[in-house]
2 protein chains.
Amino acid sequence: MASKKIAVIGSGLIGRSFSMLFVSGGYQVSVYDVEPAQNAVAKDDIWSQLNKLEEQGLLRGSLSKEQQFANITYTEDLAECVNGAFFIQECIPERLELKKSVFAKIEKVMSPDAIMSSSTSALMPSLISGDLTHKNRFVVTHPTNPPFYAPATEVVPASWTDADVIEKTVALLKEIGQAPVLLKKEINGFVLNRIQYAILAETWNLIRDGIVSPEDCDVIMSQGLGMRYAFMGPWETAYLNADGLHSYSDRYADMIYGIQKDFLPPEKIGGETLDVIQRGMENVAGPVENLEQRRQWRDRRLVALAKLKAGMNKEEAK
Amino acid sequence: MASKKIAVIGSGLIGRSFSMLFVSGGYQVSVYDVEPAQNAVAKDDIWSQLNKLEEQGLLRGSLSKEQQFANITYTEDLAECVNGAFFIQECIPERLELKKSVFAKIEKVMSPDAIMSSSTSALMPSLISGDLTHKNRFVVTHPTNPPFYAPATEVVPASWTDADVIEKTVALLKEIGQAPVLLKKEINGFVLNRIQYAILAETWNLIRDGIVSPEDCDVIMSQGLGMRYAFMGPWETAYLNADGLHSYSDRYADMIYGIQKDFLPPEKIGGETLDVIQRGMENVAGPVENLEQRRQWRDRRLVALAKLKAGMNKEEAK
C-alpha cells in the first residue's frame, strides 16, 4: 500500500463519516459525488463535525482538525476520484442495480490491486460483485451509525474475495480506530442486523400477545440488559454471570433451551400490533414531528458514552 | 399502607440489595436469615455498600447512610420478621420446594392484606403460589443484577394475583427509584431472559456455523448495538432509525421478515461450540481464575454509566 489515497464514492452521511475516519488515520481522501451542490454541503458539514469532535475530545489520530480537513478533496469526476487510490469506499443509496453499475465504472479506472468496498447494510457481497471483472477485489465494509461513536464495523467478503483484501480491510479499520467484525461467510442481514431482528422477533410476539407493553419492553433493555451491553456482548455477559461458560452451561443450558424452543414463529411487522408499538414509542420518545430533538438526545448520550469508555480504558491502561 | 415495615427473607446478595433499596425510600426493613452468621455478614456488607454508594453520589432518597443503615434490623425469627410488614420480599435460593415451604410459613404469620413477593428469576408465580391460602397476595418481583445500577425490575403476577397487589408493587418500586416492568401474564423466562436467550440462540448458530468468531460477535454488541441499548430499547431504536414505526415498517418489514424466517432452530448449549466460545471469552475477559477482576472491571463501568445517565437526566431536566 504505497498509495495513501482513498476514494469515497458518495458524499451523504455515511460518505462523510468514512472520509473523516480515513483522514484521521493520515490518509488522503477524494470524495466523489454526482452533484457539486452535494459536495459543497458535505464539505461544510465535515468542517462542522471535525470541530465538534475536537470539542468533545474525540478527534482521532495525530493530525489537527485543519490538517484533516485539508486532506479531503471533492470531485464530480469518478475517474479522478478513483485514480491512484488503494481503497475505494462506496457510500451511495441502497439500490442493487445502482451499486452494480457504479462498481462496473469504478473497476475500469481503478488500480488492479485496489480494494473495492461497499458500505451496504443489507445487500449480499456476491450479489453486488458477481458480474465484476475484478470481483476478487470486492468486500463489504458495513459501519454502525454513527461510526465515530459506535465503532463496530462488519467486514463481509464474498466467496471469491482475495485473502489480502480481507486482511488489508480489517487492518485499515483497526488503524483508524474502528472495531472490525469479520464475517467468514456472507449471510443475509450480516451479524448486527440478525441480532437486532432476533430481538425484534421475540419482543414483537410478547407485545402482540399482551405480555408486556412496548414501553416496558424497552425499559428491560435501557434500564436492564443494555447497561451491560454497552460494555460487553452476550457471551461475556454469560461468562461473568457464572464461573465461565461450562459452569453457565451446567447450570442453565436445559432451562435456556426450554425457553428457546418455546419461542413463537416470527411475524411480519404491521397491522394492529405496529399501531400499539407506535403509540408506545410516541409516549417514550415524543411524536414523529419532534424526532429530530430525540435523535439529538440520543446522540448526546452516544457521545458521552464513547467518551466515558475511552476515558476509563485510558485511565486503566496507565 | 399504614405500616412502613418491609420484611426481606434471606440475607444473600439479592436480599441485601432489596434491603438497601427499601430503606432508601424511608421504609423500616427487617431482614430474616436462618443463620446468625449470615446476618452478620450481610450487616457488614450493607454498611460497606452504603458507603460506596455515597462516595459514588448514587445513594438514593433523602436519608443519610447512617439513618438508612439504622433502619435495617436483622433476625433469625421468621414470625418476628414478617409481623406487621405490609410487603414481604423473598430472596432465598432458586429452589421451588424451598420457596413454597417458606411462603407457606410466611402466610401463617403475615397480615392478611400484606404482599408476598418473590425475587425468582425463573420460577413461574403460579407454581410457587398455587398451593397457598393467600395466593391472591402473591407476585414475583425480579430485579436485574446489580439492582442499584441496572434498575429494571420485572413484576410478574399469577392469574389469581389481586389487582391492588400489582399496583402497590409497581408503585413501591417506582418510589424507591427502580424501573418496574409489568408482565400482564406470566411466561417462561419472563421478558428479560427471553430477550437474552433470543440473542444467545441466534449468535450461537452464527458461531457454530463459522460465520463469526465469539470475540467478534461480542464486539457487534459492545461497540455497536449495545451503545444504543444503554439508553433505549429495540423499538425506540427502530422508531428513531426511520421517521417513526410506520415508516420503519414501509422500508424494512419485508427485509426483516425475510431474515427472521431464515433463523435456524435453537440448539442446546454444549459440545464443541461451547468450547470455542469458552476459549473466545478467555481471550476477551481473561481466564476463569481471574473472573473476579473482570467482574470488578464490569461493575466499575456499570456504576460509571449509571452516574452518567443520572447526571445527564438531571442536567437536562433543568
Side-chain angles (χ1 to χ4, degrees), chain A residues 144 150-152 179 181 183-185 187-189 191-192 194 197-202 210-212 214 216 218-224 226-227 229-236 239-240 243-245 249 253 256-257 259-260 262 266 268-270 274 277-278 281 284-285 288 295 301-302 308, chain B residues 144 150-152 179 181 183-185 187-189 191-192 194 197-202 210-212 214 216 218-224 226-227 229-236 239-240 243-245 249 253 256-257 259-260 262 266 268-270 274 277-278 281 284-285 288 295 301-302 308:
Chain A
T144 312
V181 169
L183 274 68
K184 288 162 208 158
K185 301 178 217 169
I187 189 168
N188 231 334
V191 172
L192 184 139
R194 289 182 80 92
Y197 301 156
I199 299 170
L200 292 186
E202 177 54 18
I211 306 289
V212 72
D216 275 7
D218 265 25
V219 166
I220 278 288
M221 189 61 91
S222 63
Q223 309 282 338
M227 301 284 291
Y229 290 157
F231 306 106
M232 62 182 70
W235 291 103
E236 185 177 352
Y239 187 75
L240 297 185
D243 297 314
L245 287 168
S249 169
I256 293 173
Y257 187 50
I259 291 168
Q260 289 170 334
D262 194 35
K268 191 171 149 187
I269 292 174
L274 188 69
I277 305 179
Q278 170 69 23
M281 290 307 111
V284 171
V288 171
R295 288 197 187 109
R301 278 158 179 74
L302 289 175
L308 176 81
Chain B
T144 313
V181 169
L183 275 69
K184 289 162 206 157
K185 300 179 219 170
I187 189 169
N188 231 334
V191 171
L192 185 139
R194 288 182 81 92
Y197 301 156
I199 299 170
L200 292 185
E202 177 54 20
I211 305 289
V212 72
D216 274 9
D218 265 25
V219 166
I220 279 288
M221 189 60 91
S222 63
Q223 309 282 337
M227 300 285 290
Y229 290 156
F231 306 106
M232 62 183 69
W235 291 103
E236 186 177 352
Y239 188 75
L240 298 185
D243 297 314
L245 287 169
S249 169
I256 292 172
Y257 187 50
I259 290 168
Q260 288 171 334
D262 194 33
K268 190 173 149 187
I269 292 174
L274 187 69
I277 304 180
Q278 170 69 24
M281 290 309 109
V284 171
V288 171
R295 289 197 186 109
R301 279 156 179 76
L302 289 176
L308 176 81

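Every chain is numbered from 1 and lettered A, B, ... according to where its sequence line falls, protein lines coming before strand lines.
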Closer than 3.5 angstrom, by distance alone: can the side chain of A:Gln223 be matched with the main-chain N or O of B:Pro151 as a donor-acceptor pair?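 The answer is no, because no donor-acceptor pair under 3.5 Å joins these two groups.
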Using only atom types and a distance under 3.5 Å, with no angle test, would you say the side chain of A:Asn188 pairs donor to acceptor with the backbone of B:Asp262?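 No; zero donor-acceptor contacts below 3.5 Å.
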Between [options], the one whose heavy-atom pairs under 4.5 Å with chain A are most numerous:
{"options": "B:Ile199, B:Val219, B:Leu245", "result": "B:Leu245"}
{"options": "B:Thr144, B:Val181, B:Ile269", "result": "B:Val181"}
{"options": "B:Val212, B:Leu192, B:Leu302", "result": "B:Leu192"}
{"options": "B:Gly224, B:Ala285, B:Ser249, B:Pro234", "result": "B:Pro234"}
{"options": "B:Leu183, B:Val191, B:Leu240", "result": "B:Leu240"}

Chain A contact via [X] - which portion, at a heavy-atom distance below 4.5 Å:
{"X": "B:Leu308", "answer": "side chain"}
{"X": "B:Gln278", "answer": "both"}
{"X": "B:Tyr229", "answer": "both"}
{"X": "B:Ser222", "answer": "both"}
{"X": "B:Ile211", "answer": "both"}

How long is the straight-line distance from CD1 of A:Ile256 back to OH of B:Tyr197, given to the nearest 0.5 Å?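 Going from OH on B:Tyr197 over to CD1 on A:Ile256, the span is 4.5 Å.
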My understanding is that only residues two or more places apart in sequence, or in another chain, count here; which of them pass side chain to side chain donor-acceptor pair (under 3.5 Å) with B:Lys268?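 With neighbours one apart ignored, the set is A:Asp254.
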Sequence-distant partners of A:Asp243, side chain to side chain donor-acceptor pair (under 3.5 Å), two or more places apart: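 Side chain to side chain donor-acceptor pair (under 3.5 Å) list for A:Asp243, sorted by chain: B:Arg295.
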Could you check which of A:Ala230, A:Pro214, A:Ala201 has the highest count of heavy-atom pairs closer than 4.5 Å to chain B?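 Counting heavy-atom pairs under 4.5 Å, the top option is A:Ala230.
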Taking every non-hydrogen pair under 4.5 Å, which of A:Leu200, A:Val288, A:Ile187 racks up the most with chain B?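 Option with the top pair count is A:Leu200.
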Considering non-hydrogen atoms only, spot the tightest contact between [X] and [Y] and give its length.
{"X": "B:Lys184", "Y": "A:Gly210", "result": "CB-O, 3.3 Å"}
{"X": "B:Met221", "Y": "A:Met232", "result": "CG-O, 4.0 Å"}
{"X": "B:Met281", "Y": "A:Glu236", "result": "SD-N, 3.4 Å"}

Show your working on side chain to side chain contact (heavy atoms under 4.5 Å, CB included) between B:Trp235 and A:Val284 and close with a plain yes or no. CA-CA 10 Å; B:Trp235 291 103; A:Val284 171; over 6 Å; no
